[in-house]
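This chain uses plain numbering: 1 for the first residue, then up along the sequence.
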Amino acid sequence: MTIAKDIKAIICTCFIATAAMMSLLSCARDEPSDPIKPREERKVLLLSGDGHIYNLAGEKIMDLPDCEYASEIISDGDDYFVSGKSTKDRVGYWKNGKWNTLHVDFIEDVEHETEGIGKWDYYIYLYDYPYVLKNSGIFPLEDCENFNTSGKCLSVFEGKCYVVGTDLKTNLGGYNDAVLYYERKGRYAKEILPKPREDVSASAHAIYAYGDHTLIGGRAGNEPVIWADKELQVLPRSYEVYDDEGMAMAGVVSMTRVGERVVAGGYEYDDDWNEVATIWVDGELKHLSSGDKGVWWSTVDEVIGYGDDLYVLTMEMVADEDHGESQVNILIWLNDTVIAKYNKIDIVNFVVL
């Protein structure tokens with residue numbers, strides 16, 4: 001009897017210890033895999049559409065080999081990865097400036113133009129319409145004949161990959177839908193995101209995934225919106241400006257988190273029909289302006305959270321009084337301060353290492 005009790009006690013102790021270990025491992029997975037570097041040790045890398053990499057000072061440090069165009073740059077620790085189109089029509093990506101070919105056996109010939117990239121563990125995810133590629137694996141999107149993407153369309157967290165975009169129905173006489181694709185049984189299933197009403201159009205332009213959660217930015221009906229775990233949330237505007245079809249002249253093009261705060265970046269139009277760079281932090285609206293003389297429109301292209309800091313990429317059109325001479329300035333912000341300005345390079349997006 002005593003032996004039986006001792007065995008039961010040992011089994012119970014082992015069970016408790018195992019449960020505690022699993023809990024600790026679970027908590028460890030929730031923590032960032034890389035330590036947060038102090039600001040002075042971070043690197044900011046900028047990607048141009050023609051495949052050049054620049055540092056924060058605007059100095060070109062890399063030409064991506066055999067690059068017809070580049071679409072997105074992401075980071076993982078001290079490494080960076082770029083999607084785009086190779087001049088040799090190969091399927092792959094650039095890692096730290098070097099080309100990596102994925103040996104993908106497509107059933108049919110497609111023109112390879114990867115518009116989004118994500119990474120988790122040793123897997124690289126690429127959006128290559130009408131597929132999501134996971135290393136050399138091929139995962140087709142279902143019901144995607146009218147699917148279109150823009151901005152940050154792909155995000156991966158803990159092996160869960162998502163793609164967002166727009167189901168274009170206006171060319172069929174209907175209303176566009178914002179859609180989310182997620183992996184299910186070897187394919188990417190389609191889910192239509194909610195709208196304020198069925199008789200309005202919606203579009204999704206950016207996604208940020210973390211834990212079991214997704215944050216999607218875009219516009220729906222007359223409003224800039226985010227979908228938090230697919231639940232529609234309308235964001236405030238300062239101006240009530242609409243186009244000829246009654247759509248709001250505002251939208252979200254990038255999403256991130258800074259600590260526990262949700263940040264959306266995009267634009268709204270002012271009463272003179274000029275774009276105004278706008279961010280929403282936990283739903284609170286704020287305009288970003290360098291204060292330079294002659295700025296007549298601006299927009300947020302990218303928001304990135306790093307620790308408790310927010311990095312933002314904005315574009316500003318600067319012109320004389322008659323709009324005769326103009327140039328586009330590209331600005332990088334750290335929180336509320338401009339830390340870099342460029343006017344001769346075309347930046348697609350950027351990363352913080």
Side-chain angles (χ1 to χ4, degrees), residues 45-53 62-76 79-142 144-157 159-168 179-183 186-188 190 204-209 216 253-255 301-302 304 346-351:
L45 298 182
L46 305 100
L47 174 70
S48 70
D50 50 3
H52 304 310
I53 307 290
M62 172 70 65
D63 289 320
L64 297 177
D66 302 321
C67 180
E68 183 172 324
Y69 75 83
S71 58
E72 184 177 359
I73 184 171
I74 62 170
S75 62
D76 182 32
D79 297 320
Y80 61 91
F81 305 80
V82 178
S83 60
K85 181 174 175 59
S86 167
T87 57
K88 299 185 181 299
D89 200 31
R90 295 172 180 166
V91 184
Y93 60 94
W94 293 269
K95 176 184 178 182
N96 298 331
K98 295 183 179 180
W99 175 255
N100 290 262
T101 298
L102 295 178
H103 300 286
V104 183
D105 187 15
F106 287 99
I107 299 173
E108 58 188 16
D109 290 334
V110 293
E111 187 173 351
H112 305 295
E113 301 183 7
T114 55
E115 297 299 328
I117 184 169
K119 184 178 183 296
W120 189 262
D121 203 2
Y122 56 87
Y123 291 105
I124 291 290
Y125 297 77
L126 292 170
Y127 172 62
D128 186 6
Y129 180 84
Y131 305 106
V132 171
L133 309 181
K134 181 180 179 181
N135 287 358
S136 296
I138 306 172
F139 300 84
L141 304 182
E142 68 177 27
C144 63
E145 297 83 22
N146 298 303
F147 181 63
N148 184 60
T149 59
S150 63
K152 301 277 288 186
C153 68
L154 183 148
S155 185
V156 182
F157 189 86
K160 297 177 183 178
C161 179
Y162 307 89
V163 177
V164 296
T166 306
D167 192 350
L168 297 173
V179 295
L180 166 70
Y181 281 97
Y182 59 95
E183 195 275 329
R187 300 178 66 85
Y188 272 75
K190 177 181 179 180
H205 302 286
I207 181 167
Y208 180 87
I216 300 168
V253 299
S254 185
M255 297 291 308
D301 276 4
E302 182 95 36
I304 293 178
D346 175 26
I347 301 302
V348 175
N349 62 349
F350 72 107
V351 291

> Can you list the steps and then say if E183 with K160 is a salt bridge (Lys or Arg N to Asp or Glu O under 4.0 Å)?
Replying inline: CA-CA 7 Å; E183 195 275 329; K160 297 177 183 178; over 6 Å; no

>> For a side-chain contact (heavy atoms from CB on, under 4.5 Å) check, start with the C-alpha distance between V348 and I73, then their side-chain angles and the critical distance, and finish with the verdict.
In response: CA-CA 9 Å; V348 175; I73 184 171; over 6 Å; no

>> Working note: T166 + V179, criterion side-chain contact (heavy atoms from CB on, under 4.5 Å); need CA distance, chi angles, decisive distance, verdict.
In response: CA-CA 6 Å; T166 306; V179 295; over 6 Å; no

> How far apart are the C-alpha atoms of N135 and V104, what are their side-chain angles, what is the distance that settles it, and do they pass the side-chain contact (heavy atoms from CB on, under 4.5 Å) test?
Replying inline: CA-CA 8 Å; N135 287 358; V104 183; over 6 Å; no

>> What verdict does the ring-ring contact (aromatic ring centres under 6.0 Å, His included) test give for Y131 and Y188, after you've listed the backbone C-alpha separation in whole Å, the side-chain angles of each residue and the deciding distance to 0.1 Å?
In response: CA-CA 8 Å; Y131 305 106; Y188 272 75; over 10 Å; no

>> Applying side-chain contact (heavy atoms from CB on, under 4.5 Å) to Y93 and V82, what does each step give before you reach the verdict?
In response: CA-CA 6 Å; Y93 60 94; V82 178; over 6 Å; no

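Not a single donor-acceptor pair under 3.5 Å links the side chain of S254 to the backbone N or O of K152. Using a distance-only test at 3.5 Å, with no hydrogens or angles considered, a donor-acceptor pair links the side chain of K119 to the main chain of D121. A donor-acceptor contact shorter than 3.5 Å links the side chain of T114 to the backbone of G84. Using modelled atom types, no side-chain atom of D50 and backbone atom of Y69 make a donor-acceptor pair closer than 3.5 Å. Side-chain atoms of Y125 never come within 3.5 Å of backbone atoms of W120 as a donor-acceptor pair (strictly under, hydrogens ignored). The backbone N or O of K190 sits less than 3.5 Å from a side-chain atom of E142, completing a donor-acceptor pair. Using a distance-only test at 3.5 Å, with no hydrogens or angles considered, no donor-acceptor pair links the side chain of S75 to the main chain of Y80. Distance alone, capped at 3.5 Å, is enough to place a donor-acceptor pair between the S48 side chain and the H52 backbone. When atom types are taken as modelled, the side chain of S83 and the backbone of E115 share no donor-acceptor pair closer than 3.5 angstrom. Using modelled atom types, no side-chain atom of N349 and backbone atom of I347 make a donor-acceptor pair closer than 3.5 Å.
Closest approach of G116 to E72, counting heavy atoms only: CA-OE1, 3.4 Å. Pairing each heavy atom of S155 with each of A209, the nearest pair is OG-N, 3.0 Å.
The pair R90-D66 fails the salt-bridge criterion, with no side-chain N (NZ, NE, NH1 or NH2) lying under 4.0 Å from an Asp/Glu carboxylate O.
Of the inter-residue distances, the one linking R187 atom CZ with Y182 atom OH reads 13.0 Å to the nearest 0.5 angstrom. Atom CZ of residue F139 and atom CG of residue L133 lie 9.0 Å apart, to the nearest 0.5 angstrom. Between atom CG of residue N100 and atom CD1 of residue I124 there is a gap of 8.0 Å, rounded to the nearest 0.5 Å. For the atom pair CH2 of W94 and CD1 of I53, the computed distance is 10.0 Å after rounding to the nearest 0.5 Å. Note that CG of D79 is 10.5 Å distant from CD1 of I74, once rounded to the nearest 0.5 Å. The distance from the CD1 atom of I207 to the CG atom of L180 is 5.5 Å, given to the nearest 0.5 Å.
Contact of the L47 side chain with the F350 side chain is not registered, since no non-hydrogen atoms from C-beta on lie closer than 4.5 Å. The closest side-chain heavy-atom distance from L154 to Y162 is not below 4.5 Å.
No more than 12 heavy atoms of other residues, nucleotides or ligands lie within 6.0 Å of NZ in K95, so this atom counts as exposed by the packing criterion.
Considering V351, I117, L126 in turn, I117 is the only one that fulfils the side-chain contact (heavy atoms from CB on, under 4.5 Å) rule with F81.
In this structure, a donor-acceptor pair under 3.5 Å is present between the side chains of H205 and S150.
The aromatic ring centres of Y208 and F157 sit 6.0 Å or more apart.
In terms of the side-chain contact (heavy atoms from CB on, under 4.5 Å) criterion, D346 has no residue partners (sequence neighbours excluded). Residues passing the side-chain contact (heavy atoms from CB on, under 4.5 Å) test with N148, sequence neighbours excluded: L168.
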